[in-house]
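Some notes on the structure that comes next.
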Amino acid sequence: MERYYQEEIECASRERIREIQDEKLVKQVRRVWENVPYYRKKMEEKGITPEDIRSCDDLSKLPFLSKADLRDSYPYGLLGAPLEDCVRIQSTSGTTGKRVVAFYTQHDIDLWEDCCARAIMAAGGTREDVVQVSYGYGLFTGGPGLNGGSHKVGCLTIPTSSGNTDRQIMFIMDLSATILCCTPSYAAYLGERMKEMGLTPEDIPLKAGIFGAEAWSEEMRQDIQKTLGIKAYDIYGLTELSGPGVAFECSAQQGMHINEDHFIAEIIDPDTGEVLPDGEQGELVFTAIDKEAFPMLRYRTRDICTLNREQCSCGRTLVRMAKPKGRSDDMLIIRGVNVFPSQIETVLLKQGYATTYQIVVDRVNNTDTFDVQVEMTPEMFTDNVGEISERQKKLADGLKSMLGIKAKVSLLAPRSIQRSEGKAVRVIDRRKI
Ligand code: DLL
C-alpha cells in the first residue's frame with residue numbers, strides 16, 4: 001500500500017478518528033494559548049483556559065475566528081510559530097483589506113502536500129501517472145498544493161500553471177498527461193478548445209481530473225467527463241487552512257472526504273453560531289489541529305453545506321461534506337477568482353461614479369460571464385458614443401487591474417437601475433450551481 005493512501009486513518013472507526021482529534025485538539029489549544037496572544041485574549045474574554053478543553057465535546061466553548069479577525073491581526077497577529085520557523089506564505093486573490101496572508105512552517109507544507117497526495121490517490125493516481133497542474137502558481141494555493149501532492153505520490157508533474165490554452169493542450173497530448181488539475185471552468189474551456197481542434201475523448205490521454213476552488217454543478221461534471229473522457233473529482237480547501245486538500249472526492253463521487261486527522265469540521269447556524277446536527281445545512285467551521293504557523297481554531301469559512309458521517313461505499317469513514325451551496329457573505333467567485341462587490345465600488349468611486357451598479361454573473365458554455373452595469377451620474381451623462389466607449393474602456397481597465405479578471409462594462413443612463421426599498425440588490429447571479 002502506498003504511503004499516501006492511509007487506510008488506517010481514511011478507513012478508521014469513528015471512535016479512532018475521535019480519539020485522534022481529542023488528543024490533537026487538547027495540545028493545539030494549549031499551543032495557541034501559549035503562542036497567539038490575539039486568540040488567548042479571545043479565550044479570556046469568553047472566560048476559558050486550555051484546561052476547559054478536554055475533548056471535542058468542548059469544542060463549542062472556543063471562540064470563533066472570522067475573516068474580520070484575520071484583517072485585524074494582519075499580517076503577523078495570528079502567527080503560532082516563531083517567524084524564523086516559517087518558510088512560506090500563500091495568499092488569496094482578494095485585494096486591499098481583504099487579502100489573507102497564510103504562513104507555513106515546513107511541517108505545515110508537508111501536511112498540506114500530504115492532503116493533496118491523498119486527493120490524487122483517491123482519484124486513482126499512482127507514481128506511474130503524469131499530472132498536469134494547470135491551477136495558478138504563485139500566491140494562489142492551487143498550483144503549489146497540487147504540485148507538492150503530485151511529487152509526494154511520485155507522479156511526473158507538469159507545472160504549466162494557468163493560461164495559454166493551446167500550450168496546455170500541447171503538453172497534455174505530447175507528454176500523455178493522465179491527470180489534469182485546474183478549476184472546473186478551465187477544464188470545461190480546455191475541453192471545448194480540444195473539441196474545436198478535432199480531438200475526440202479517445203484521442204485525449206487524460207483519465208482523471210481534480211477540479212475545485214469554485215462551485216460547480218453535477219451537470220458541469222457530466223459535461224466535462226464526456227468531453228474529456230475522464231472521471232472528474234471535486235477538491236475543496238481554502239488558503240486560511242492550507243489550500244486545496246482540506247477535503248477530496250473519491251471514486252464514489254458522493255461528497256468530499258474531510259481530512260479529519262488534521263481538520264475538525266462543524267456546521268453552525270450562520271446567524272446564531274449554534275452548532276447544528278449532522279445533515280443540517282449551515283456554515284462550515286474548521287479547527288486545524290496540526291498546523292503550526294497559522295493555527296486556525298473554529299475558523300468560519302462562510303461556505304454553506306452539510307456533513308454526512310455515514311461510511312462511504314469506497315470504504316472511507318472520513319466525514320463527507322456536500323458541495324458548498326453558496327457563501328454566507330457577499331464574495332463572488334468568478335472564473336475561480338474571488339470578487340467582492342466592495343472592490344468594484346472602490347474602482348467606481350475613484351472614477352467619479354456613484355455606487356449605483358449591478359453585477360450580473362451567468363455561466364454560458366461552462367464559462368462564467370461577468371457584466372458590470374453602471375449608471376452614469378447626471379453630470380457625466382452624454383449621448384456622445386465615442387465618449388461613452390472611452391469611459392467604458394477606462395472602467396473595464398480599472399476593474400481588470402483591481403480584480404485580475406475582465407468584466408464587460410455597460411454604462412447606463414441615470415436612474416435606469418431599479419432602486420430597492422430594502423437592501424440594494426447589487427449581484428444577480430444566474431449561474432445554476
Ligand atoms: O480556492 C483553494 C483551492 C485551490 C481549492 C484549488 C481547491 C482547488 P481560496 O482562494 O482561499 O482557496 O478560496 C477558498 O473557495 O471558501 C470556497 O468558497 C471556494 N472553494 C474552494 N474549493 C471549492 C469547491 C482555494 N470544491 C474558497 N467547491 C472556499 C466549491 C470551493 N467552492
- How long is the gap from CD1 on I264 to SG on C56, to the nearest 0.5 Å? 4.0 Å
- Query: Under the ring-ring contact (aromatic ring centres under 6.0 Å, His included) test, which residues partner Y236, sequence neighbours left out?
  - Reply: none
- salt bridge (charged side-chain N to carboxylate O under 4.0 Å, His left out) with R88: which residues, sequence neighbours excluded? none
- Among side-chain atoms of Q358 and E375, is any donor-acceptor pair under 3.5 angstrom? no
- Item | Check: T239/Q90 side-chain N/O donor and acceptor closer than 3.5 Å | no
- Quick one: which residue pairs count as a salt bridge (Lys or Arg N to Asp or Glu O under 4.0 Å) with a foot in residues 202-213, not counting sequence neighbours? D129-K207
- Message: Among residues at least two apart in sequence or on other chains, which ones pass side chain to side chain donor-acceptor pair (under 3.5 Å) with T165?
- Response: Y186
- Query: Among all residues two or more places apart in sequence or in another chain, which pass the ring-ring contact (aromatic ring centres under 6.0 Å, His included) test with F286?
  - Reply: none
Residues 270-277 side chain polar contacts: donor-acceptor under 3.5 Å, at least two apart:
{"from": "T272", "atom 1": "OG1", "to": "E274", "atom 2": "N", "distance (Å)": "3.2"}

- Message: Quick one, F64 with Y299, criterion ring pair (Phe, Tyr, Trp, His ring centres under 6.0 Å). Give me CA distance, side-chain angles, the key distance, then yes/no.
- Response: CA-CA 6 Å; F64 290 117; Y299 182 65; over 10 Å; no
- Message: Test of understanding: with ring-ring contact (aromatic ring centres under 6.0 Å, His included), list the residues that count as partners of Y38, not counting sequence neighbours.
- Response: none
- Name all residues meeting the salt bridge (charged side-chain N to carboxylate O under 4.0 Å, His left out) criterion together with D397; count only those two or more places apart in sequence or in a different chain, and write none if there are none. K393
- Message: Looking only at the side chains, is there a donor atom on one of T105 and D108 sitting less than 3.5 Å from an acceptor on the other?
- Response: yes
- Query: What's the shortest heavy-atom distance between V100 and L70, and which atoms?
  - Reply: CG1-CD2, 3.7 Å
- Does M380 offer a backbone N or O that forms a donor-acceptor pair with the side chain of T382 under 3.5 Å? no
- Message: Tell me whether Q132 contacts the main-chain N or O of L180 through its side chain, where contact means a donor paired with an acceptor under 3.5 Å.
- Response: no
- Task: Tell me, please, which residues at least two apart from D110 pass salt bridge (charged side-chain N to carboxylate O under 4.0 Å, His left out).
- Result: K152
- Message: Please give me the minimum heavy-atom distance between C116 and G149, naming the atom from each residue.
- Response: CB-CA, 3.8 Å
- Quick one: salt bridge (charged side-chain N to carboxylate O under 4.0 Å, His left out) partners of K61, sequence neighbours excluded? D58
- Message: Quick test of your reading: applying salt bridge (Lys or Arg N to Asp or Glu O under 4.0 Å), list the pairs with at least one residue in residues 256-266, sequence neighbours left out, ordered by first then second residue.
- Response: R14-E260, R118-D261, E260-R309, E266-R298
- Find the distance between SG (C115) and CZ (F248) and round it off to the nearest 0.5 Å. 8.5 Å
- Message: Strictly distance-based, threshold 3.5 Å: is any side-chain N or O of Q254 a donor or acceptor partner for the main-chain N or O of C312?
- Response: no
- Message: Can you tell me how far apart NZ (K291) and CG (L241) are? Round to the nearest 0.5 Å.
- Response: 5.5 Å
- Please collect all salt bridge (Lys or Arg N to Asp or Glu O under 4.0 Å) contacts where either partner lies in residues 228-239, sequence neighbours excluded, each pair once. D234-K323
